[in-house]
Amino acid sequence: STPRLAMAAAFEPADRHDAPRGEDSNDFGCGQPFVLPPGEPVWPMREDQMPEITQSVAEFLEVLLFQTHIDRVVVLRDGVRLLGQQLGIPAVLRRACAASGEERRQRGGESGSAVRGFLAALGEKQQERFRARLWHYGNKGKEKEVKQGGKKKTLRELSELLKSEEYSTLPPATPLYISELRWLDKVRHPIVRSEWVKTATSVDVYDFTPLARRMPLWERSEGGIFIGDRGAGSGLHVDQCLWSNVGRNWCGFKLFAIWPWEERLTIPNEVGKGRVFHLPLSKKEELWLARAKVLCLVRPGDVWVFSGGQPHTALVIGDGLNISAYESFVPAHPDAMGLLVKTNMGKAHWESCWMDDDDLDELYEDVVDNLQRSLRAADVDTRLRSRLQECVGVMRSNGDDYCKELWEQEDRGERRRQREDEESSYTAESEDRTPAKRAKTSSGEPASC
């Protein structure tokens, strides 16, 4: 096992990226219930399926940055406050969330989609500022995207589409899920003013510690926000890239399941992509969940880390809105790098969720650049430098042909990057539902992890 850092000071926030603080840890300005209704049904969970609970910020960040996450879900209770993420959701979204919650309470909590109330409270002008995807759950166990044509839509266009004749038969109480909510156009990051991003979160775990900037990969430029009703969520899937995810949960409750690495192909093939484990469960669904490696209830204020390379799913429960966001990254651990370079390889990665070939090449370019930049930095200590060098070794020996070509270029003092010719389209979407894209082939695919 990896030893814990001797000095928690290594995990103090960088002064230049000081995160906003001071919000009530039970609310964060979202105005949503922070307890489940009495008798709220949940998935059955055994003691041996419980997540790991860390006892301190230093312990959690040790796990986050320096350990592998396969077959693990590690939770930091009250992590939103402890990691300075209270104001991570933009004020305009928090105000709409709080207004919809207040209106719902004034109506006596009558049934109806909380997401519809949120969209109404946000208003058309503000909806125009965001891009997102929208899903409905009119049929038990299934997710269905609200869309028309292939063009990406603003939140206002999606809201109008929901009112169109095509979707007029959906009952008002049908659960809805806004996924991958981002700014429509790039904006200056409110903390790091030199960064131009589409991510709508105002502060990320990335901003809490300077060590995050030394990891092999941390995708924050287009991270999305997820807003859902009871019964909404992310159907079973594997991420398009075999990286790790750190999730933040500002309000509402979410059931989360992840299946063992050894069942990374069998479970998706049996269950099928996109299945939602709605309550009450069928007998077959109970048996599938019984095979999960970890099952947990994500609570308001929780921060949790897991591997996106394993089959996983999430389901919102409880009254009101659930609001979460994710950051995708690769920690400083050779096994994590070994997992990343198995992306789009058939024995490791479920084919229905593969990343686009060119996008994966561009992601590898970013990883090489990040590693080289970190290894040149004077502030990298001996332990981190050793880990990063191990990651370089894994990319050189286990990576695909393009990984090896990139390092050969570095050895020759050359540098050519596809992404500088045309903009990369890869994004860090923890609950990604991108259709399967063309495969990446490799003459040196590992037989096992």
Side-chain angles (χ1 to χ4, degrees), residues 92-93 96-97 99-101 103-104 107 110-185 198 200 222 224-237 240 252 254 271-279 313-317 319-324 352-353 356 425 427 429-437:
V92 64
L93 299 181
C97 184
S100 66
E103 182 182 1
R104 193 176 181 87
R107 295 199 313 265
E110 67 181 49
S111 61
S113 166
V115 170
R116 287 183 188 264
F118 166 81
L119 289 170
L122 186 59
E124 293 181 354
K125 184 177 179 180
Q126 296 298 335
Q127 290 173 16
E128 283 281 5
R129 301 173 65 194
F130 295 95
R131 176 170 67 84
R133 299 172 78 179
L134 183 63
W135 306 78
H136 75 79
Y137 302 78
N139 296 313
K140 188 174 183 293
K142 296 181 179 179
E143 56 186 7
K144 181 73 172 178
E145 188 167 9
V146 176
K147 63 180 181 179
Q148 190 175 64
K151 184 182 176 183
K152 294 177 180 178
K153 305 284 187 183
T154 66
L155 191 56
R156 180 180 177 181
E157 288 173 315
L158 291 172
S159 184
E160 291 300 316
L161 189 57
L162 191 61
K163 301 172 188 175
S164 68
E165 183 177 352
E166 182 178 357
Y167 296 98
S168 61
T169 57
L170 285 178
T174 300
L176 297 174
Y177 203 36
I178 300 170
S179 74
E180 300 144 49
L181 180 70
R182 306 183 182 94
W183 296 115
L184 178 63
D185 299 309
K198 287 189 177 180
E222 296 207 25
I225 296 171
F226 296 75
I227 304 174
D229 287 306
R230 175 194 278 118
S234 175
L236 185 134
H237 68 286
Q240 60 177 335
K254 178 176 286 185
V271 176
K273 185 178 181 181
R275 178 184 284 268
V276 181
F277 285 76
H278 282 131
L279 293 156
T313 188
L315 178 72
V316 176
I317 62 171
D319 293 335
L321 290 170
N322 171 254
I323 302 183
S324 300
S352 293
C353 295
D356 178 79
S425 62
T427 58
E429 297 168 353
S430 171
E431 301 187 8
D432 179 59
R433 302 176 176 82
T434 307
K437 299 178 180 179

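Checking side-chain atoms of Ser159 against main-chain N and O of Arg156 turns up no donor-acceptor pair under 3.5 Å. With hydrogens and angles disregarded, a donor-acceptor distance shorter than 3.5 Å links the side chain of Lys153 to the backbone of Gln148. Judged by distance alone, with hydrogens and angles left aside, the side-chain atoms of Arg275 form no donor-acceptor pair with the main-chain N or O of Thr313 at under 3.5 Å.
Residue Glu128 places its CD atom among more than 12 non-hydrogen atoms of other residues, nucleotides or ligands, all under 6.0 Å distant.
Annotation: salt bridge (Lys or Arg N to Asp or Glu O under 4.0 Å) contacts of Lys163 (sequence neighbours excluded): Glu160. Partners of Lys140 according to the side-chain contact (heavy atoms from CB on, under 4.5 Å) rule, which considers only residues two or more places apart in sequence or in another chain, are His278, Pro280, Glu285. For the salt bridge (Lys or Arg N to Asp or Glu O under 4.0 Å) test, no residue two or more places apart in sequence or in another chain qualifies with Arg116.
Across every non-hydrogen atom of Ala121 and Ala96, the tightest pair is CB-O, 3.5 Å. The two residues Ile225 and Ala200 have their closest heavy-atom pair at CD1-CB, 3.8 Å. The two residues Val146 and Tyr167 have their closest heavy-atom pair at CA-OH, 3.5 Å. When every heavy atom of Glu143 is checked against every heavy atom of Tyr137, the shortest pair comes out as CB-CE2, 3.5 Å. The shortest non-hydrogen separation linking Ala114 to Asp229 is N-OD1, 2.6 Å.
Between Glu222 and Lys198 there is no salt bridge, since none of the side-chain N atoms of the basic residue sits less than 4.0 Å from a carboxylate O of the acidic one.
A heavy-atom distance below 4.5 Å is found between the side chains of Leu315 and Val276.
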Item to complete: Begin from the C-alpha positions of Phe226 and Asn322 and carry the test side chain to side chain contact (heavy atoms under 4.5 Å, CB included) through to its verdict.
Response: CA-CA 8 Å; Phe226 296 75; Asn322 171 254; 6.0 Å; no
Item to complete: Walk me through it: do Val115 and Tyr177 pass the test side chain to side chain contact (heavy atoms under 4.5 Å, CB included)?
Response: CA-CA 7 Å; Val115 170; Tyr177 203 36; over 6 Å; no
